[in-house]
Each structure stands twice: as C-alpha cells, then as structure tokens.
Colleague: 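Before we start, here is the structure in question, set down as structure tokens.
Hydrogens, waters and symmetry mates play no part in the numbers below; they use all other heavy atoms, side chains included. We name chains A, B, ... by the order of the sequence lines, and we start the count at 1 in each one. Owing to the predicted nature of the structure, the values given are computational and were not obtained by experimental measurement.
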2 protein chains.
Amino acid sequence: MSEARPFKSQSLKSACSNCSVLELCLPLGLTGLEIERLDTLIVQRFKVKKGAALYRAGDPLRSLYAVRIGSFKTSMLSIDGREQVTGFQIPGEMLGLDAISTDLHTCNAVALEDSEVCPVHFAQLEKLAQELPSLQHNLNKLLSREIVRDHDMLMMLGNMNSDERLAAFLLNLSQRLNERGYSSSSFVLKMRREEIGSYLGLRLETICRGIAHLRDLGLVEINGRDVNIQNMDGLKQLILGCHRQFS
Amino acid sequence: MSEARPFKSQSLKSACSNCSVLELCLPLGLTGLEIERLDTLIVQRFKVKKGAALYRAGDPLRSLYAVRIGSFKTSMLSIDGREQVTGFQIPGEMLGLDAISTDLHTCNAVALEDSEVCPVHFAQLEKLAQELPSLQHNLNKLLSREIVRDHDMLMMLGNMNSDERLAAFLLNLSQRLNERGYSSSSFVLKMRREEIGSYLGLRLETICRGIAHLRDLGLVEINGRDVNIQNMDGLKQLILGCHRQFS
DNA sequence: CGTGTGTTTGATGAATTTCAAAGCAGGTGG
DNA sequence: CCACCTGCTTTGAAATTCATCAAACACACG
C-alpha cells in the first residue's frame, strides 16, 4: 500500500500533490507529521466522469472521499422516482460522512463535471485517528460541521421564500468557493436548474423566475450557468433575518 | 403534566444507575466495562424546568447532554425574532452534537416539560474515546446518524405536502418513542402546534388543518395534545414515496 | 441541420399563508 | 369554588405564493 503513492509528497500545504485531505484538515490545524501519516491513507486519487456515480445509496462504506477537482451532487431517490438533492460538493469538501452511521451510503454521489477525488479508507482513518488525538478531534468537528450546515439548510427551508432561498444559495456557494481560493463574485453553476430547485425545495421554473427577479433588482447577472454577483451586500440584505448568512 | 411519566409508560431501561448515556450507547454495542468507564464521566444529572434553556446559541460547549426524563426542542433564532425549530429530543437522545464543530452551541435547547439530563463532559469524552476505540466509533456513528436524520428531514421538506409532513412527523415520533420503550400508538405531544409547524416548515394553522384531515381519514385521533394512532399502516401509506419512512 | 437537453416565460390553478375571530383549558386570584 | 385571564387551538375567508401545464427558445453535438 505504501507503494501506492504514485506522486511524491512534498509535505506541506500547496505542494501536496496527491491529497486534498490536506485541505480538509489544515484549516483545523494538524501538524506536518500528522499530515504525512494521513497521506499514507490515500491509496490513489481517481477520476469520475461527468454524470457517473462515485457511490450509490446502499453501497457499503469503504472510503470517504475528498473532492479534489470538479464538483458533485448528493441525492436520495424516492420510490416514485423523484430525486431529492441533499447537497453540492466542491473541491476541498468531503463526501460520504452520512455513511458512517450504518456503514452503508445513504445517498448517491454523482459528478456534475469530470472530477477527481481522493478516497480515504475509513477503517484506516479511524485506526489512525486512534493514534492521533487531534485527527480524531478534527474528524468529530468535520461531522459536527455537517450537522450545522444541515441545520442552516433546515432554517432556510423553514423561513425563506423562493427568492430568498436562491439568494442564500448563491451567497453560500460564493462563500465556499472563496474559501477554496476561487472568485466569490464570478463563477459557473455546474448543476441544472432542476437540481438547484430540488436542493432548495422548489421547482425549476421557480428557480428561473427567481433568477429573473434578482437580475431585475440588479443584484446578479446570470446568463445560463455563468454567475456574476454585482451587489453582494444587496444579496445579503435580501436574506437578512436569517441569523447567520446560511454559513 | 406529570413529570415522572413524560410520554406514557415507564421506560424499561430507566432502572439503570444514574446515566442515560447507557441508552445512548447500548444499541451500538459497548461492553460492560466500557459503560462503567463512561459512567465516570457523568458528574451528576440535573433537572431543567419546563421552558428553561439547557443551553443557548453562543454558549461554549462544555458538555453534551443525554436526555434522561422529559423532552426538549432545539431551535435557532433569526434576527427578526422568528424561531426555527430544528429538532425535538426525547429520553435517550443526545443534545449538543452541533456544537462540536466550533466549540460553541449553535442553537438553543429548551425543555418542553420538566426534564432531566445527564451532562457528558465533552473533553473528557474525547479523552476516554481515545482509550476505547469502540467508544470513538460509536461517537462517530452518533454524529453521522444525526446527519442522516437531517437529510431525511430535507427530503421531507423538499417532497412532501403539509398532510404528508404531519403524518411523517407523527410516525417518526411514534417510532422513536417505541424504540425507547413507550407506546407507539398512544402518546402526548409536548410541543405547541406552532413548534411543530416551525419544525415542518408550515404555519400553526396548517398543522391544525392537517390534524383535522388525518382525523377525517380515520387515521388518528388527536385531542389537544393527546395522540392516538388508529391506523398506522394508513399513515405510512400516506407518506409512501419517501424512500425510507423518514427514519 | 436536425435532435435532444436544458432554460425561459406565460397563463392557470392549487396549496399554503395570512388575517380574523371564536373556542377551550389551565391557572390565579378574588 | 367560581370567574376571569392568558396562552393555545380551531375554524373560516381572503390573499399570496408557488406548482403545474404548455409552448417557445437556446445551445451543444452528432
């Protein structure tokens, strides 16, 4: 397995070639040594073609996945065939945390574009975490953060109308992209209107109309999937009343 | 109402020492020795009066809490003063998991009736978990299970109409009560209509009407806060289309 | 150049919210 | 013990938001 480090690991941050787990853990403050140990968990990163599933509901949990390049959606399917999108993941974010509960994945993870992930073998991660308390602590935090995110989502669905939800969605995406080093005001939506709608508890037509409204207000410029936020504060104003800006 | 019988009959498990952490961990299979060690974490259980806050958003995370007697709601407050309920907790369930993320509680936990909780000092829990791998594993699962629960909630809010949401809510509560040794068909709602509504993303009036509908269908008998499920299968039928029965 | 997938816009209708008012229950003080 | 609050629930009617249905458009791709 240690053979399976196809790329040299130059230890610290940006140099790290084969492992976006760094991005996952660094903000939480692991030491260099710990990161090196972590790197040994990454057998190999691999690609997922647009539209392909990284895993499906019911699959046994083997690995968690850190998105390295591209983006994913997670979704659940209801019996009548309708899809409920539960989240979108961009580079540096983690997939599969919900599977820890039952050792089975509870949702599908599908690539929204040609993507690349780093699998983190979960059993090995747990074992390593035993030796590295701060890693365990970070894993706990990671899981908890996901809970907080979901609560924010619940808050949004409970309190906001369609335009506010859309604004919150755009702001949230903007912020997350920014955290990962991308532009916060100019980005491309990798998902369809229908998927945004599912995520926000709305129909795709409502998303379209919402976009039109925000455009009419001069807050954003959206052409197809190209987004340009023109008045960030105005957008935030719209969703004020939500205690956090849907972090 | 009477505080000794929070939801109906006496719990089977409440005989156990002073620690409802047992109930938290037992279903996940800890050994007796591990449980003994766990017990040492419980400094003392204490009471929370109806309407009092166990903790508030912004409070530092000191302990997680296992509900021992009674019930709680967790909620977030928006600037304009509206409350978003994010969950209800009954005996044997855990409070505070979301705080691990930032070491600050992100929501308020308020007792719906005179209640009693077991605080579990979190730093000590983490330390003990270091020594007991299976405890750590269980903690991971606990966190993950919360994520799954939230996802189910998102699914519900995205796909169900008001009557279906109400049915799902009642079934969910019924099932959880049953798991804890209470009756699954006959119980008392400890929360107001408004709180149910907030939780389900609906107005209190809509909850009332939903109750009337379910009653007209002969599925439940609800007088004030007393619930009697008369046709469990019928209720489940209503929400079919949701891939799990909103576990 | 047609085909298919995704997006936009309009018109209509249904579900839910909002506003309003009355009813009920429990608790308190007279 | 009763009467009266107060907070919660129920029901009705009107208003609003969003979903649905339908059609046209845009764009990429073979």
Side-chain angles (χ1 to χ4, degrees), chain A residues 49-51 73 78 80 82-85 110 112-114 156-170 188-216 220-227 238-239 241, chain B residues 1-3 49-51 73 80 82-85 110 112-114 156-170 188-216 220-227 238-239 241:
Chain A
K49 277 273 170 206
K50 173 175 176 174
K73 68 172 174 183
S78 56
D80 57 353
R82 283 197 305 189
E83 175 186 57
Q84 173 65 44
V85 173
V110 172
L112 294 172
E113 57 189 312
D114 289 354
M156 178 164 91
L157 293 179
N159 284 325
M160 294 185 178
N161 66 27
S162 61
D163 289 354
E164 290 166 345
R165 290 184 202 186
L166 182 59
F169 168 73
L170 292 172
V188 177
L189 300 172
K190 297 302 184 180
M191 68 295 286
R192 297 178 311 220
R193 302 287 189 257
E194 187 175 6
E195 289 163 334
I196 299 175
S198 171
Y199 181 58
L200 298 179
L202 301 167
R203 300 284 124 171
L204 69 126
E205 297 95 328
T206 309
I207 300 300
C208 284
R209 291 185 232 273
I211 288 174
H213 294 162
L214 297 187
R215 183 177 16 237
D216 292 348
V220 298
E221 195 183 307
I222 301 185
N223 291 314
R225 299 193 173 183
D226 295 328
V227 176
L238 237 182
I239 63 169
Chain B
M1 301 218 156
S2 59
E3 54 186 77
K49 277 273 170 205
K50 173 175 176 173
K73 68 172 175 183
D80 57 353
R82 282 197 306 188
E83 174 186 55
Q84 174 64 44
V85 174
V110 173
L112 293 172
E113 57 189 312
D114 290 352
M156 179 165 90
L157 294 179
N159 284 325
M160 292 185 178
N161 66 27
S162 61
D163 289 353
E164 290 166 344
R165 288 183 204 187
L166 182 60
F169 168 73
L170 292 172
V188 177
L189 301 171
K190 296 303 184 181
M191 68 294 286
R192 301 182 309 241
R193 302 287 189 257
E194 187 175 7
E195 291 163 333
I196 299 175
S198 171
Y199 181 59
L200 298 179
L202 301 167
R203 299 285 123 174
L204 69 125
E205 296 96 330
T206 309
I207 301 299
C208 284
R209 291 185 234 272
I211 288 174
H213 293 162
L214 296 187
R215 181 175 21 234
D216 291 348
V220 299
E221 194 184 307
I222 300 184
N223 291 315
R225 300 193 173 183
D226 294 329
V227 176
L238 238 183
I239 63 169

Colleague: Would you mind reading off the distance between A:Glu164 atom CD and D:dT17 atom C1', rounded to a whole angstrom?
Modeller: 12 Å

Colleague: Checking side-chain contact (heavy atoms from CB on, under 4.5 Å) for the pair B:Glu195/B:Leu112: CA distance, chi angles, key distance, verdict?
Modeller: CA-CA 10 Å; B:Glu195 291 163 333; B:Leu112 293 172; 3.8 Å; yes

Colleague: Please report the end-to-end axis angle for the helix from C:dC1-D:dG30 to C:dG30-D:dC1, five pairs per end, rounded to 10 degrees.
Modeller: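 Computed from the C1' atoms at both ends, the axes differ by 30°.
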
Colleague: In whole angstrom, what separates A:Asp226's CG from C:dT7's C1'?
Modeller: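 Rounding to the nearest Å, CG of A:Asp226 and C1' of C:dT7 are 14 Å apart.
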
Colleague: Remember a base hit wins even if backbone is also touched, and classify A:Gly201 as base, sugar-phosphate or nothing at under 4.0 Å, heavy atoms.
Modeller: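 Sugar-phosphate, no base atom in range.
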
Colleague: When you measure from the side-chain N and O atoms of B:Thr206 to the phosphate of C:dT17, is any distance below 4.0 Å, counting only OP1 and OP2?
Modeller: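 Answer yes for this pair, as a side-chain N or O of B:Thr206 is under 4.0 Å from OP1 or OP2.
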
Colleague: In whole angstroms, how far is the C1' atom of C:dT8 from the CD1 atom of A:Ile211?
Modeller: 10 Å

Colleague: Identify which nucleotide among C:dT9, C:dT17, C:dT8 has an atom closest to any side-chain atom of B:Arg203, counting heavy atoms from C-beta outward.
Modeller: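 For B:Arg203, the side-chain atoms sit closest to C:dT17.
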
Colleague: Does D:dC8 have its OP1 or OP2 closer than 4.0 Å to a side-chain nitrogen or oxygen of B:Arg225?
Modeller: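 So the side-chain polar atoms of B:Arg225 never come under 4.0 Å of the phosphate oxygens OP1 or OP2 of D:dC8.
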
Colleague: In whole Å, what is the span from the CD1 atom of A:Ile196 to the C1' atom of C:dT7?
Modeller: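 It is 11 Å, rounded to the nearest whole Å.
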
Colleague: When you measure from the side chain of A:Leu202, which nucleotide among C:dT16, D:dT10, D:dC18 comes out closest?
Modeller: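 Within the option list, the nearest is D:dC18.
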
Colleague: A:Leu214 has an atom CG; how far is it from atom C1' of C:dT8, in whole Å?
Modeller: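 Atom-to-atom, A:Leu214 to C:dT8, this comes out as 15 Å.
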
Colleague: Begin from the C-alpha positions of B:Phe169 and B:Leu189 and carry the test side-chain contact (heavy atoms from CB on, under 4.5 Å) through to its verdict.
Modeller: CA-CA 11 Å; B:Phe169 168 73; B:Leu189 301 171; 4.3 Å; yes

Colleague: Quick one: does A:Arg165's side chain have a donor or acceptor within less than 3.5 Å of a partner on A:Met160's backbone?
Modeller: yes

Colleague: Ignoring hydrogens and geometry beyond distance, is the side chain of B:Glu195 in donor-acceptor contact with the base of D:dC8 at under 3.5 Å?
Modeller: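 Not at all, since no donor on one side and acceptor on the other fall under 3.5 Å apart.
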
Colleague: Would you give the length of the straight line joining atom CD of B:Glu221 to atom CD1 of B:Ile211, rounded to the nearest 0.5 angstrom?
Modeller: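 Result: 12.5 Å between the selected atoms.
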
Colleague: Please state whether the base of D:dT20 and the side chain of A:Arg209 form at least one donor-acceptor pair under 3.5 Å?
Modeller: yes

Colleague: With rounding to the nearest 0.5 angstrom, report the CD to CD1 distance, B:Glu164 to B:Ile239.
Modeller: 8.5 Å

Colleague: Take atom CD of A:Glu205 and atom P of D:dT17, then tell me their distance rounded to the nearest Å.
Modeller: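 Distance check: A:Glu205 CD to D:dT17 P gives 18 Å.
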
Colleague: Measuring from A:Asp163:CG to A:Leu202:CG, what's the distance to the nearest 0.5 Å?
Modeller: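 If I round to the nearest 0.5 Å, the distance is 9.5 Å.
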
Colleague: Nearest whole Å is fine: how far is C:dT7 P from A:Glu194 CD?
Modeller: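 Result: 9 Å.
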
Colleague: What is the distance from CG of B:Leu204 to C1' of C:dT16, rounded to the nearest Å?
Modeller: 13 Å

Colleague: Walk me through it: do B:Leu166 and B:Leu214 pass the test side-chain contact (heavy atoms from CB on, under 4.5 Å)?
Modeller: CA-CA 9 Å; B:Leu166 182 60; B:Leu214 296 187; 3.9 Å; yes

Colleague: State which of C:dT7, C:dT18, D:dC21 makes the closest approach to the side chain of A:Cys208.
Modeller: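 Out of C:dT7, C:dT18, D:dC21, the nucleotide with an atom closest to A:Cys208's side chain is C:dT7.
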
Colleague: Reckon A:Arg192 has a side-chain N or O less than 4.0 Å from the OP1 or OP2 of C:dT7?
Modeller: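 For C:dT7, neither OP1 nor OP2 has a side-chain N or O of A:Arg192 closer than 4.0 Å.
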
